[in-house]
Amino acid sequence: MTEVNHHISDDLLMGYAAGALPQAFDLVVASHVSLSNDARTRLDGFEAIGGAILDNAGAAELAEDSLEATMAIIHGTPGEPEVPATCDGVFPAPLRDVAGCDPGAIKWRPVGMGVKQAVLHSNRDGSARLLYIPAGHALPDHGHRGLEMTLVLQGAYSDKDGRFARGDVEIANEELHHTPIAEAGEDCICLVATDAPLKFDGLLPRIAQRFVGI
Ligand code: ZN
């Protein structure tokens with residue numbers, strides 16, 4: 001299991017357990033949980049509480065296995081297809097359903113300054129994308145109009161909130177303005193969910209934004 005230093009908050013985990021998060025954030029939380037024992041343990045607790053509330057409600061007759069069946073739908077059943085042998089393990093299981101298992105097979109689109117992205121999902125509630133930041137490169141300086149949730153899958157980056165490596169989650173909102181810089185040595189791949197477009201300071205990133213929708 002990955003050593004995770006930056007964890008997801010309880011309110012986001014509870015929202016995930018309740019199925020209340022937008023799809024883009026659901027994907028990031030599910031991927032983080034699959035990499036973090038701490039998040040898995042806390043999520044189990046919230047799901048147990050949810051189960052107890054259902055048990056005590058008494059208003060409707062539930063089938064004995066309805067909670068397990070629901071959770072199995074949310075988290076995938078144990079009988080999921082085997083991971084192909086070519087999987088290199090960068091993408092956690094929840095992500096493989098939408099992105100496959102090979103970062104080299106992703107249709108990356110350049111967004112400028114060497115950074116590439118692949119949009120996985122986008123609707124009015126938010127978007128989820130993979131970001132590829134070459135080692136030593138920076139993401140353009142930007143602020144946020146809403147919530148941005150970033151999960152590191154490969155390599156590491158640093159900004160003024162610290163250093164983020166595989167399994168770590170950074171939550172950014174309107175108050176954070178940052179310039180994430182990928183560490184030297186290994187290209188950084190992140191899974192990012194946002195519920196509103198970013199705010200770029202530089203002219204070139206702002207122009208590029210119109211074409212790539214970051
Ligand atoms: Zn950001």
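Every value quoted in this text rests on a predicted model; they were computed, and no experiment measured them. For the single chain, residues carry numbers from 1 onward in sequence order.
Contacts of S158 classified as side chain to side chain donor-acceptor pair (under 3.5 Å), with partners at least two apart in sequence or in another chain: none. The side chain to side chain donor-acceptor pair (under 3.5 Å) check on D159 picks up H178, with sequence neighbours excluded.
Counting non-hydrogen atoms of neighbouring residues, nucleotides and ligands closer than 6.0 angstrom, the CD atom of E183 exceeds 12 such neighbours.
Looking only at distances, no side-chain donor or acceptor of R166 sits under 3.5 Å from a matching main-chain atom of A156. In this structure, the side chain of R42 does not engage the main chain of M14 through any donor-acceptor pair within 3.5 Å. With hydrogens and angles ignored, the 3.5 Å screen pairs a side-chain donor or acceptor of K160 with a backbone N or O of H177. In this structure, H144 contributes its side chain and L176 its backbone to a donor-acceptor pair below 3.5 Å. A donor-acceptor pair is defined here as one N or O able to donate and one able to accept, closer than 3.5 Å; such a pair exists between the side chain of H137 and the backbone of M113. For the pair N173 (side chain) and G146 (backbone), a donor-acceptor distance under 3.5 Å is absent. When atom types are taken as modelled, the side chain of S36 and the backbone of H32 share no donor-acceptor pair closer than 3.5 angstrom.
Test V111, V192, I133, L130 against Q117 for side-chain contact (heavy atoms from CB on, under 4.5 Å) and you get one pass: V111.
No hydrogens or angles considered: a donor-acceptor pair under 3.5 Å links the side chains of D187 and Y132.
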